[in-house]
Amino acid sequence: MDAYDRITRNASEVVTEDEVRTLAESPDGKRAYVGYEPSGVLHIGHMLTATKLIDLQEAGFEVTVLLADVHAYLNDKGTFEEIRQTAERMKEQFIAYGLDEEQTEFVLGSEFQFDREYTLDLHALELNTSMSRAERAMSEIKSGETVKVSQAVYPLMQALDIVYLDVDLAIGGMEQRKVHMLARDTLPSIGEDSPTCLHTPLIADLGSGVGKMSSSKGVTISMEDSTEDIEQKVNSAYCPPTADPEPDDEGNDRENPVLQIFEYHVFPRFETVVVERPEKYGGNLEYDDYESLAADLESGELHPADAKGALANYLDELVAPGREKIRQATQ
Ligand code: NAL
């Protein structure tokens, strides 16, 4: 796989393709960053961008993970003290998940976001941004119903962080795209370049296939889940024998979350996927790529129950090191 293909595999979009092609010509020493509001426990959404960071490390990038403590505070996620304490635990879980400790720099937002120069640049961005634009940028991120002033400041700080962390490629889930578009449009107003961005897909709710999986509602997988939790959640997942299900009765789009997790979490981390089956049902199946597994599910060669059994095993293997870290920390 060439550098461009590795950088962009499984991405929902890159902005812009030409800019990423230029980065791919000499990725060594380039810097990619992702930021997360500290939440204490890594869930499958964090793991998706983390898998992309591992791709980028393999392509030669250096990776910065911003533990966005001030952002979490602005987004009403708790007291500043609580948030700070969860940030450290989250860092250990990222490393357990497979981020290279040597190639990954972890930064707390509060280390630089209270500097005078940063604050003045922030106010300059505030002067150059309408309230409605900032509010729109937060539509997929904000907690709560009413928009607080803090939540309008939030995307501008996210834009500024891209400058202060000296980032060549900004990574985020698709829910971050409006913030990144705001950053691309407004940073030139303070004399900075528009950042290049890469967005990872959102996985559908495991139980219904409708909407996106989130930590706040529906069924998700986290590093706190036991082997039995994972088996139970995956076994009751929505998994029709197709990658392209019909909308539900209310007309909502549906995805196949089992196939999505194979595509975005399992195949990028394991070279082959083995589905164990008793001899009387045809014996084990082995797949080298996502497409052949999806084709077998569609044709009926692979039964959804067997696909789920295999998925639970691989997810358990991905989660196990982080689960162990959590166990050690709480003993
Ligand atoms: C991501 C977040 C907060 C600040 C950032 C600054 C720079 C780059 C990425 C950042 C968190 C993200 C979330 N908005 O929803 O978790």
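What you see below is based on every heavy atom in this structure, not just the backbone, and it leaves out hydrogens, waters and symmetry mates. Indexing begins at 1, ligand by ligand and atom by atom, following the structure's order. Predicted model, so just to flag it, every value in this text is computed and none were measured.
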* Give the numbers and elements of all ligand 1 atoms closer than 4.0 Å to a heavy atom of Leu66. => 4 (C), 5 (C), 6 (C), 7 (C)

* **Nearest protein heavy atom with distance in Å, relative to atom 15 (O) of ligand 1** => Gln176 NE2, 2.8 Å

* Asked: Should the heavy atoms of other residues, nucleotides or ligands under 6.0 Å from OH of Tyr73 be counted, would the total exceed 12?
  -> no

* Verify the distance criterion only: is there a donor paired with an acceptor across the side chains of Glu17 and Thr8 at less than 3.5 Å? => no

* Among His71, Met157, Glu175, Gln113, which one has a heavy atom closest to atom 4 (C) of ligand 1? -> His71

* Asked: Is a side-chain donor-acceptor pair under 3.5 Å present for Gln158 with Gln176?
  -> yes

* **Option passing side-chain contact (heavy atoms from CB on, under 4.5 Å) with Ile162 (candidates Asp193, Thr196, Val167)** => Val167

* To do: State, without any angle test, whether Thr186 and Asn128 hold a side-chain donor-acceptor pair at a distance under 3.5 Å.
  => no

* Asked: How far is atom 16 (O) of ligand 1 from its nearest protein heavy atom, and which residue and atom is that?
  -> Glu37 N, 3.4 Å

* **Aromatic ring proximity, centroids under 6.0 angstrom, Tyr36 and Phe94** => yes

* **Nearest-neighbour protein heavy atom for atom 5 (C) of ligand 1, which is reported as residue plus atom name and distance** => Gln158 CG, 3.3 Å

* **Proximal atoms of ligand 1 relative to Ala68 (non-hydrogen, under 4.0 Å)** => 3 (C), 4 (C)

* Structure fact -> In ligand 1, the atoms that come under 4.0 Å of a heavy atom of Tyr154 are 11 (C), 12 (C), 13 (C), 14 (N), 15 (O)

* Asked: Does Asp161, backbone or side chain, put an N or O under 3.5 Å from an N or O of ligand 1?
  -> no

* Does Tyr97 have Arg269 sitting over its ring (NZ/CZ under 6.0 Å from centre, angle to axis within 45°)? -> yes

* Asked: Among protein heavy atoms, which sits nearest to atom 7 (C) of ligand 1, and what does the distance come to when rounded to 0.1 Å?
  -> Tyr33 OH, 2.7 Å

